[in-house]
Structures are given as C-alpha cells and as structure tokens.
Amino acid sequence: MIDPAVFSVNLAVSGELALARRAAVGANLDVVGVATGPTRSAGSLQATPQTVSYFRYGSADRGALNSEFFLAGRVPSRLWVRLGVSHYVTDYTVTEAAAPNAPGSRYQKFQTVPFVAVRLWL
C-alpha cells in the first residue's frame with residue numbers, strides 16, 4: 001500500500017443553491033490542474049504522482065483531484081457553517097526500481113472524508 005503525498009493546484013467549477021434564507025446546498029469539482037510530490041517506494045516498486053490532472057469521471061480520472069458536496073447554514077448573521085464530504089483521487093505511475101524506463105502501471109487511491117468548515121464575515 002502506498003500512502004499518498006501529493007501537492008496540486010487545480011481549476012474547479014462550483015455551485016451553490018439557496019434552499020432558504022439561511023440554508024444552501026452546494027458542490028465543487030476539480031476539472032484540470034498540475035500535481036507534484038515525492039516518489040514513494042513499496043518493495044521494488046516506485047510510485048510517482050501523475051503531473052497533469054484532469055477529470056474524466058470515476059476511475060478514468062487522472063492526477064490529483066478533489067470534489068466536495070455540502071450543506072451550508074448561516075447560524076448567526078455573520079457565521080456560515082458547511083457540513084459535507086470531500087472525495088479525493090490520487091493517481092500514481094508505478095514502475096519497477098530495477099527498470100525505471102519501462103512502461104508503468106497506474107495506482108489510484110480514493111478517499112472520501114467528512115468535513116466541517118466555518119466562515120466568519122467581518
């Protein structure tokens with residue numbers, strides 16, 4: 001198993017739909033970007049993050065991408081709270097350490113984690 005360690009900068013699309021005066025539902029989706037990170041080793045295998053990231057849906061995604069789905073609510077007038085889930089895709093190219101120029105295979109790590117975010121308007 002490979003523990004991901006990837007840094008990325010991505011262009012995303014997002015949207016939010018007001019459900020009421022103090023409540024909304026929304027999402028954002030990374031579409032394209034670049035990623036970097038250290039090479040990881042597991043036995044004789046070396047895994048390198050894919051540099052170019054782009055959305056293709058499901059296991060066809062490439063690179064390092066993030067999607068979020070959330071519910072938002074305004075508690076007092078200046079405080080927003082968002083509850084949701086983030087879904088991360090991390091894509092590696094895996095090669096044999098003894099044959100670094102041989103074609104590599106893909107390794108994808110999928111993680112879905114809950115989150116709570118707070119925004120205070122000053």
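Just so you know, these numbers use all the heavy atoms, side chains as well, and skip hydrogens, waters and symmetry mates. Heads up: numbering here begins at 1 and tracks the sequence.
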Between [X] and [Y], is any pair of side-chain heavy atoms under 4.5 Å apart?
X   : Y    : value
L29 : F55  : yes
Q46 : R40  : no
Y92 : K109 : no
R21 : R74  : no
V89 : Q108 : yes

Going by side-chain heavy atoms closer than 4.5 Å, which hydrophobic residues are tied to V116, directly or by a chain of links?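 Its cluster partners, ordered by chain and number, are V75, L79, V81, L83, V118, L120, L122.
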Handout entry: Between CG on residue D91 and OG on residue S53, distance to nearest 0.5 Å
Key =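 It is 8.0 Å, given to the nearest 0.5 Å.
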Checklist entry - Going from CG on D30 to OH on Y54, what distance comes out if it is rounded to the nearest 0.5 angstrom? => result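 D30 atom CG to Y54 atom OH measures 15.0 Å (nearest 0.5 Å).
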One pair to check against side-chain contact (heavy atoms from CB on, under 4.5 Å): R56 and R62. What are the steps and the verdict? CA-CA 7 Å; R56 288 187 62 193; R62 299 285 193 254; 4.1 Å; yes
Q. Does V31 share a hydrophobic cluster with L65, counting links as ILVMFWY side-chain heavy atoms below 4.5 Å and allowing steps through other members?
A. yes
Q. Are Y88 and F70 connected in the hydrophobic side-chain network, where two residues link if heavy atoms are under 4.5 Å apart?
A. no
>> Quick one: does any side-chain atom of N10 pair with a main-chain N or O of A64 as donor and acceptor, under 3.5 Å?
In response: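 Yes; judged by distance alone, with no hydrogens or angles, the pair exists.
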- Query: Which pair of heavy atoms, one from P49 and one from P38, lies closest together, and at what distance?
  - Reply: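 That would be CD-O, 3.7 Å.
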Given E68 and H87, is the side-chain contact (heavy atoms from CB on, under 4.5 Å) satisfied, shown in steps? CA-CA 6 Å; E68 291 182 354; H87 179 71; over 6 Å; no
